[in-house]
Amino acid sequence: MIDPKLLRQDPQQIAANLARRGFVFDAERYRGLEERRRSLQARTQDLQNERNVRSKAIGAAKQRGEDIEPLKREVSRIGEELSEAEAILDKIQSGLVGIQLELPNLLHPEVPDGEGEADNPELRRWGGIPAFDFTPRDHVELGTLLGGMDFEAAARIAGSRFVVLSGELARLHRALIQFMLDIHTSEHDYTEVYVPYLVNAAALTGTGQLPKFEEDLFRVEHEPAFYLTPTAEVPVTNLVRERILEEGELPLRMVCHTPCFRSEAGNYGKDTRGMIRQHQFEKVELVQVVRPAESWEALEGLTGHAEVILRRLGLPYRVVSLCAGDIGFSSARTYDLEVWLPAQERFREISSCSNFTDFQARRMKARWRNPETGKPEPVHTLNGSGLAVGRCLVAILENYQQADGRVAVPEALVPYLGGRRLLLG
RNA sequence: GGAGAGGUGGCUGAGCGGUCGAAAGCACCCGACUUGAAAUCGGGUGAGGGCAUGCGCCCUCCGGGGGUUCGAAUCCCUCCCUCUCCGCCA
């Protein structure tokens, strides 16, 4: 949520910033609603004050044993007027909140212009693109050769966009999770957390998935509604919802492995082959809650932490800065890490690292007590995948494949696979 | 799922129709005493919002929502959560 004070003071400038995303914010209409709210609120509060004062007088009169009936009738009349005013005010206020909840975050000035994925500038690159003296297979072929990657079985028990892994591949998958958690907890000072995989609507509203993106989520039949977590960002970031953190508690660094569930509605034709885009996948997520002054530095740090995983695994990647047209709803600035997939001969997203500034914090009412002002103020929140496990498995298979279809094990994972250096199938 | 108890400020906890944003204690901050500290004493200390922006005035918030009433932390309905016992169960 954008600071309502900013929204009131300078709606034109906000409209200009959001326009870079292609978002149209009707500043005039907002200003009009805000004007009405303001005068109606003043009037409502006057009436409330009137009612309070007179009701107290009735109490006092009653104690003196006076006749209070005429007084009651009078206040009753005020009450009618008041509830009418309250009803209208309520409507206007929820209208304003509705607008506020659908406004995306303000962009950092350095977010590049652009309309889509193709316009994201590359910031840096790591690792050489592997040269094969044979035509590299894609991960589906490799999985078939090795055995242990079964899309048909998954389709029978669930449907499309699921996979069943078994044997060495299941173990490699688990090893990746373990490896990532170990690095982040022991080298990057993150605390591991375990959280619910079903979350409520309030949590999703806090991080920004709701109310706008309900169609991307799986809703569980339950009253009140539960949703399957689309990312650990939701439960983990919401750990600080409605809290006032003390200065000394910050920064918070948390790492969390969860499954993620996405409906992929609207992506019907996209990445239908293989494990790239699934309804269910595993992710190790990094979340930070920091002092506002430190969040930009924290974004660089967090991105670096995710990069370490790719480097240790020896996977070539590049870092791109998401452009104004491609960046997420809640984010002020996002770096994507893209790993090289030889079979596709292109880089594919494997991590997305964002600074949400105070946007999620306002929605969640997550604050800290700023020692300089003594007041509770919104914290800044960040997160990034560290990394997407399924895509990481895909990248390892494709980058470490041999002509015979066998796959070498990245050095860093060897201890996690019982000393095994080669996946044999 | 059944029976019961409860959800109040950073924490503990009183209040059960009027003067209650709410006693008391703890914690925290300021001051006094002290060479300094501790102890003691005095004072202060919730969040959000509106008007004014000069000290200020006012509104809302006692788990969420709805209702009764001139007036609700207090009464009623409903939902959520916590605890105890029983049942079932990974």
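The figures here come from the full heavy-atom set of this structure, side chains too, leaving out hydrogens, waters and symmetry mates. Proteins get letters first, then strands, A, B, ... in listed order; numbering begins at 1 in each.
Residue A:R8 is classed as a sugar-phosphate contact, given heavy-atom separations below 4.0 Å to backbone atoms only. Nucleic acid contact class of A:L71 (heavy atoms, under 4.0 Å, all strands): none. Contacts of A:R77 with the nucleic acid, taken as non-hydrogen atoms under 4.0 Å apart, are absent.
B:G18: Watson-Crick or G-U partner is B:C70, with both key distances under 3.5 Å. Shown here, B:U60 forms a base pair with B:A47; the pair counts as Watson-Crick or G-U wobble because both key distances fall under 3.5 Å. Under the Watson-Crick or G-U wobble criterion, with both distances below 3.5 Å, B:U84 is paired with B:A3. With a cut-off of 3.5 Å on both pairing distances, the Watson-Crick or G-U wobble partner of B:G25 is B:C11. When both pairing distances are held under 3.5 Å, B:U35 makes no Watson-Crick or G-U pair with any nucleotide shown. Figure legend. B:G54 is base-paired to no nucleotide; pairs are counted as Watson-Crick or G-U wobble with both atom distances under 3.5 Å.
Here B:U19 presents its C1' atom at 18 Å from CZ of A:R54, a figure rounded to the nearest Å.
Under 3.5 Å, the side chains of A:Q344 and A:E398 contain no donor-acceptor pair of N or O atoms.
Taking the side chain of A:K56 as heavy atoms from C-beta on, and the options B:G71, B:A47, B:U19, the nearest nucleotide is B:U19.
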query: Should A:E69 and A:K72 be marked as a salt bridge (charged side-chain N to carboxylate O under 4.0 Å, His left out) after you check the CA-CA gap, both sets of side-chain angles, and the distance that decides it?
result: CA-CA 5 Å; A:E69 283 311 313; A:K72 278 168 71 169; 3.6 Å; yes
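For A:R38 and A:E35, the salt-bridge test passes: some basic side-chain N is under 4.0 Å from an acidic carboxylate O.
Counting atom types as modelled, A:K62 pairs a side-chain N or O with a base atom of B:G18 as donor and acceptor under 3.5 Å.
Taking a 4.0 Å limit (strictly below) on heavy-atom distances, residues 37-51 of chain A reaches RNA chain B at A:R37, A:R38, A:Q41, A:Q45, A:Q48, A:N49, A:R51.
Between A:S160 and A:T272, the closest side-chain pair of non-hydrogen atoms is not below 4.5 Å.
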